Amino acid sequence: MKQIKDRFRQLEDIYPKNEASSIFYICMTTLLGCTKAELLCMREITLSEEQSCRLDQMLERLMKHEPIQHITKQSEFYGSTFCVTKDTLIPRPETEELADWIITDWSGKECSALDIGTGSGCIAITLAKNMKKAEVTAIDISEEALIVAKENAKVNSCHINFAQLDILDRQKRDKAGTFDIIVSNPPYIREAEKEDMQRNVLDYEPATALFVPDNDPLLFYREIAEFGKTHLKNGGKLYFEINQAFGNETVELLSNLGYEDIILRKDMFGKDRMIRATHK
Ligand SMILES: C[S@@+](CC[C@H](N)C(=O)[O-])C[C@H]1O[C@@H](n2cnc3c(N)ncnc32)[C@H](O)[C@@H]1O
């Protein structure tokens, strides 16, 4: 194993050591079709020529900064496996915390939920799987993302109402129903922040999922919050994942629109990352 692992040392040029090591194990378990525990128990590993060649190809793609999730075509989210492609954002651990907040608030209750900008469907599907009495709807502007999300719902045995909709299109969005829960992890990175971003995100993840104009970073929050005023039931709740730089501004925006009981929460990295607000 050491010899094989040594081939992956070059990954440490572009990833921190511990991340490079996890990526190595993901490649090996994908290649051999085993778990990490099984892999670690193997005394000796002899790769066939074909396996060795596939491993080299994985390494070559990784060295071009391609995300490991695109190579394995899957990502883990809240204990389930989701297919991801170049058309969907790779689900992030911070978003699991947002989904968990909703599940904690609503599990066991009859409710309707709308996920705006569903991407791979990770939030919508996680809610449907963990809130058995919820009726879940999910929308996205991207037809390609919706194809992936629908496949993920099928694989995860969930019923979700999917629809293609541009949430910024006020006329079309007004035809949507009313919900107990509206959740969104919308695009929130300013173009100006591109400079600080890693190539594995910039070169491989969809720009429509990531960026907002520098001069209007709260665009989606304002539009979705306004939509929520007419499409949330009384007592319904809005849940947002947010840009850590705009916690207070987003709270103020929601407060100005008349939302109540607004809570700003930090993520596991200590950054302002999610908000819950109530429509009364
Ligand atoms: C940050 S990604 C979130 C994806 C997924 N919900 C997650 O948390 O991993 C934002 C999503 O919003 C979608 N989106 C961007 N603009 C939109 C719009 N105007 N209307 C609806 N969805 C939009 C993108 O296609 C993308 O899937």
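Atoms within a ligand are numbered from 1 in the order they appear, just like the ligands themselves. Numbering of residues begins at 1 and proceeds along the displayed sequence. Bear in mind the structure is a predicted one, so any value in this text is a computation, not a measurement.
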Just wondering, do [Y] and [X] contact through their side chains at under 4.5 Å, heavy atoms?
| X | Y | value |
| --- | --- | --- |
| I116 | L114 | yes |
| L232 | Y259 | yes |
| S80 | I125 | no |

Taking [Y]'s backbone N and O only, do any of them form a donor-acceptor pair with [X]'s side chain (distance below 3.5 Å, no angle check)?
| X | Y | answer |
| --- | --- | --- |
| E193 | R190 | yes |
| D180 | G236 | no |
| K229 | L257 | yes |
| N200 | E66 | no |
| T29 | Y25 | yes |

Heavy atom of F220, distance to ligand 1 below 4.0 Å: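 True for this residue.
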Within-shell test, S120 vs ligand 1, heavy atom, strictly < 4.0 Å: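 It does not, in that no heavy atom of S120 comes within the 4.0 Å cut-off of ligand 1.
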Option whose closest heavy atom lies nearest to [atom], chosen from [options]:
| atom | options | result |
| --- | --- | --- |
| atom 21 (C) of ligand 1 | T208, L219, I139, L165 | L165 |
| atom 6 (N) of ligand 1 | G117, C122, S184 | G117 |
| atom 5 (C) of ligand 1 | N185, T118, V183 | T118 |

I need the atoms of ligand 1 closer than 4.0 Å to a non-hydrogen atom of D166, numbered in the order shown. 18 (C), 19 (N), 20 (N)
Within the 4.0 Å heavy-atom shell around T95, which atoms of ligand 1 are there?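 Checking each atom against T95, I get 8 (O).
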Would you mind checking which non-hydrogen protein atom is closest to [atom], with the distance to 0.1 Å?
| atom | result |
| --- | --- |
| atom 14 (N) of ligand 1 | I141 CG2, 3.7 Å |
| atom 1 (C) of ligand 1 | A209 O, 3.0 Å |
| atom 20 (N) of ligand 1 | I167 N, 3.0 Å |

For [X], is at least one N or O under 3.5 Å away from an N or O on ligand 1?
| X | value |
| --- | --- |
| P187 | no |
| S142 | no |
| A145 | no |
| D140 | yes |
| P186 | no |
| D115 | no |

I want to know whether F220 and Y188 have ring centres closer than 6.0 Å. no
Can you name the one residue among M274, E97, R276, R273 that meets side-chain contact (heavy atoms from CB on, under 4.5 Å) with R265?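 Exactly one candidate clears the test, M274.
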